[in-house]
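One structure is given here, and the rest of the page talks about it.
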Amino acid sequence: MQRILNFINGEYIEPISKQYLKGFNPALGMVYSEVPDSDERDVELAVSASKEALAKWGSTTQEQRSEVLLRIANGIEARMEEFALAETNDQGKPLWLSKAMDIPRAVSNLKFYANAALHLNGEFHQTDQHIFNYTLRSPIGVVGCISPWNLPLYLFTWKIAPALAMGNCVIAKPSEITPMTASMLGEVCNAAGLPKGVLNIIHGLGAKVGSAMTKHFDIKAISFTGGTKTGAEISRVAAPMFKKMSLELGGKNPNLIFDDCNFEKTVKISVAAAFTNQGEICLCGSRIFIQDTIYEKFKSAFMEEVKKRTVGDPLNDSSKLGAIASKEHFEKILSYIALAKQEGGEIILGGGAVMVEGRCRQGWFIAPTIIEGLSYDCRINQEEIFGPVVTLVPFTTEAEVIMMANSTPFGLASTIFTENLSRAHRVAAKMESGIVWINCWLERDLRTPFGGVKQSGVGREGGFEALKFFTEEKNVCVKI
Ligand code: NAD
């Protein structure tokens, strides 16, 4: 049994309550770790440590902070195998995916912000020859970063890297479902020479730790990634306190397939967009709209390709889908599959739990599931399932598919497949989403603004947006 500890003021310490939650390996369906059941007292300790560290960290030069971040990145990279295995054991995703995507991206996040921060310029505005304005940017102070379980270290570092780069001290809370890699990060930070108290990592439940962070007067900003309902709760508490907030929330992303697409490429990318990470990526394309002229052809090619995606032990290279991250989420996905049947959908592939032989007999696995025959506005096509479940919906005209694609309360990402350049740009401009991919999916350039519209969030991460978020701006006006 691995006992995880909080990382406060550069030291690993027990939660004040001395209570622990059960941490599961989802592929085994078994408890394998103890996760601190922290509360507001641990948050208070971390805030004190952060406040103490603030003056020193905030007055380091940009170059010094960048160098520390680069050393943290290199420290993770040097332990790539160990981090990848920890991520897989905690989250359930295939080990090859942790090695190819999650941990390398965590390294890239740190390297990217270490470098980007060196290039963030202030602004200068000249009114006439006697008056000019310039902008000063200073760290906000102590900030809170709260992240989810689907891409644990990937999203954790995506927040803390820009916050630290701009000179803030951070109280960070990973998901209680996947705390392992975040807990390992403390060792790397100490070895990299990050001063004590600059990054504090507190484990525990959202309702205790997350909520104590949101309420804390001295935590001046909250950067949150997670569900829309939680985002609303955080806003309810933080908005009247005038905290800065960045909210990256849920999605129900449409994938628009026109009959003039590059067919083979479209099938392959659509399968990846649907089932990578067991469909547990906020950007997954789970509503697949297909022009009726190629509906049947696409359906059979798509099904053939999905059948090749083996569900299995995450430690096997042949497993394309691993386990679902928690039992609760496993049951939620199955309940949506049951609802799809009630709503009149036909399950044309998958449709239930998968029993994986060997050490994973008790794990939480679900077959990639394809459903057809549902209307665009039923619950299955409107609510976020966040699992390996997609629907196929035919359409006739461009106007019709735009209407259906935009019909949900979410607006995170859209994917369009067409070889017609005019159509690609015309439809992209009409998508109610923060991101549009044309003939590709999950191509990420870390300089681009990342985020959603409608109930998918407020604000943007990525590039200079996140660096600016973690600063306060001051306009200085000079009259000569
Ligand atoms: P969640 O909202 O349940 O939890 C996210 C984090 O918030 C966890 O650390 C949790 O402990 C904490 N939390 C829970 N209640 C809280 C509260 N009252 N106050 C403060 N913190 C609280 O989300 P999840 O189930 O971990 O993640 C899945 C969701 O995240 C999906 O909806 C998915 O779409 C979304 N997501 C969005 C993005 C994006 O970039 N937009 C990326 C990944 C995941």
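One-based numbering, in listed order, for ligands and for the atoms of each.
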With the criterion set at N/O pairs under 3.5 Å, what does the list of contacts between the protein and ligand 1 look like, atom names and distances included?
from: ligand 1; atom 1: 2 (O); to: G227; atom 2: N; distance (Å): 2.8
from: ligand 1; atom 1: 2 (O); to: T230; atom 2: OG1; distance (Å): 2.6
from: ligand 1; atom 1: 9 (O); to: S147; atom 2: O; distance (Å): 2.8
from: ligand 1; atom 1: 9 (O); to: K173; atom 2: NZ; distance (Å): 3.2
from: ligand 1; atom 1: 11 (O); to: K173; atom 2: NZ; distance (Å): 2.8
from: ligand 1; atom 1: 11 (O); to: E176; atom 2: OE1; distance (Å): 2.7
from: ligand 1; atom 1: 11 (O); to: G206; atom 2: N; distance (Å): 3.3
from: ligand 1; atom 1: 23 (O); to: G227; atom 2: N; distance (Å): 3.3
from: ligand 1; atom 1: 25 (O); to: W149; atom 2: NE1; distance (Å): 2.8
from: ligand 1; atom 1: 26 (O); to: W149; atom 2: NE1; distance (Å): 3.3
from: ligand 1; atom 1: 30 (O); to: G226; atom 2: O; distance (Å): 3.3
from: ligand 1; atom 1: 32 (O); to: E384; atom 2: OE1; distance (Å): 2.6
from: ligand 1; atom 1: 34 (O); to: E384; atom 2: OE2; distance (Å): 2.5
from: ligand 1; atom 1: 41 (N); to: L249; atom 2: N; distance (Å): 3.3
from: ligand 1; atom 1: 41 (N); to: L249; atom 2: O; distance (Å): 2.7

Legend entry - Side-chain (K22) to main-chain (Y32) donor-acceptor, under 3.5 angstrom: no
Inset, instruction - Sorted by first residue and then second, give each ring pair (Phe, Tyr, Trp, His ring centres under 6.0 Å) pair with at least one member in residues 140-183; sequence neighbours left out. - result: Y113-W158, W149-H329, W149-F386
Inset, instruction - Examine distances only and state if a side-chain atom of K173 and a backbone atom of G204 form a donor-acceptor pair shorter than 3.5 Å. - result: yes
Inset, instruction - Could you tell me whether the side chain of T228 and the main chain of G250 form a donor-acceptor pair under 3.5 Å? - result: yes
Legend entry - ring pair (Phe, Tyr, Trp, His ring centres under 6.0 Å) contacts in which one or both residues fall within residues 211-253, not counting sequence neighbours: none
Legend entry - T408: partners by side-chain hydrogen bond (donor to acceptor under 3.5 Å, both in side chains), with sequence neighbours left out: none
